[in-house]
Amino acid sequence: PYTIALNDQDIGSSMVLPVGLEAFGVGFLFGQGYIKKTEQVKEVIVCKEGRISVYADVDENKPKELIITSGCGGTGKIPKEMFEDKFEPLQDYQINFKQIRKFIRQVLQMSDLGNRTHCVHGCGFWQNNKVKFFFEDVGRHNAVDKILGAILLEDASPAGAIYTTGRLTSDMVLKCARMGIPVIMSRTSSSTLGLAIARQADATLIAYARPE
């Protein structure tokens, strides 16, 4: 269990695989609507006692009105405002079937723990014909949050494709669309609300994406 704090105020907690914790903390706060831009993040400190402290320039860190989604382990919570705000236009991006096949195979090969245990979810971000970021976690939401946090921490462009081995619930699609990722892919299915959000955001959503 790790507690995520923003400017020394506890925001939430999650059961998380203890790797990529800096990215997870920032990605978690992005998903909760507190952090929106790279330049807001000033410092991230991970304590071995189970605390991720993020220091950032934010307007406020008051508790937000949350909607409980279908997530596991307390991660499926999303602020109501993220559902209601208008989407920014997504960047144009193209990926062909050959690249999709390469992308998926690389993500699955990189998930050593997943291949050995079949008990974690892998998530990768594809850009410039290669996997730019990869994380795995027991929670599929956490793996996605780590990708989003890595994009923010490295000030990377969201113009690319994200692939997760977990199903695409509404909050996962919403967070990816809010980040500006134009292509959202899953090894399995999407919920109907996830599909509706992708349509509203004008994002490309691909379900049951397999190498073959």
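For the numbers below, each heavy atom of this structure counts, side chains included, while hydrogens, waters and symmetry mates do not.
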Inset, instruction - Have a look at V183 and tell me which of L205, I206, I162 forms a side-chain contact (heavy atoms from CB on, under 4.5 Å) with it. - result: I206

Inset, instruction - Under the side chain to side chain donor-acceptor pair (under 3.5 Å) rule, collect the residues that match up with R199, sequence neighbours excluded. - result: none

Legend entry - Lys NZ or Arg CZ of R178 over F30 ring: under 6.0 Å, within 45°: no

Legend entry - Enclosure of K42 NZ (heavy-atom neighbours >12, cutoff 6.0 Å): yes

Inset, instruction - Locate the shortest heavy-atom distance separating F134 from V107; write the atom from each residue and the value. - result: CE1-O, 3.6 Å

Legend entry - D59 and Y34: side chain donor to acceptor below 3.5 Å: no

Inset, instruction - Answer yes or no: does atom CD of E88 have more than 12 heavy-atom neighbours from other residues, nucleotides or ligands under 6.0 Å? - result: no

Legend entry - From E136 atom CD to C123 atom SG, the distance as rounded to the nearest 0.5 Å: 11.0 Å

Inset, instruction - Side-chain contact test, heavy atoms from C-beta onward, threshold under 4.5 Å: evaluate it for M15 versus Y2 and give yes or no. - result: no

Inset, instruction - Could you grab the distance from atom CZ of F24 to atom CG of L29, nearest 0.5 Å is fine? - result: 9.0 Å

Inset, instruction - Say whether S170 and S191, considering side chains only, have a donor N or O and an acceptor N or O under 3.5 Å apart. - result: no

Legend entry - More than 12 heavy atoms from other groups under 6.0 Å of CG on N129: yes

Inset, instruction - Evaluate the side-chain contact (heavy atoms from CB on, under 4.5 Å) criterion for residues I184 and T204: first the C-alpha distance (whole Å), next the side-chain angles of each, then the deciding distance (0.1 Å), finally the verdict. - result: CA-CA 6 Å; I184 305 167; T204 298; over 6 Å; no

Legend entry - Flag for D171-H141: side-chain donor and acceptor within less than 3.5 Å: yes

Inset, instruction - Calculate, to the nearest 0.5 Å, the distance between atoms CZ and CD1 belonging to R101 and I95 respectively. - result: 11.5 Å

Inset, instruction - Side-chain contact test, heavy atoms from C-beta onward, threshold under 4.5 Å: evaluate it for L148 versus F125 and give yes or no. - result: no

Legend entry - V144 and F135: CA distance, side-chain angles, deciding distance, side-chain contact (heavy atoms from CB on, under 4.5 Å) verdict: CA-CA 8 Å; V144 170; F135 293 100; over 6 Å; no

Legend entry - Atom of A143, atom of D137 and distance for their closest heavy-atom approach: N-CB, 3.9 Å

Legend entry - More than 12 heavy atoms of other groups within 6.0 Å of D112 CG: yes

Inset, instruction - Check the surroundings of atom CD in Q94: do more than 12 heavy atoms from other residues, nucleotides or ligands lie under 6.0 Å from it? - result: no

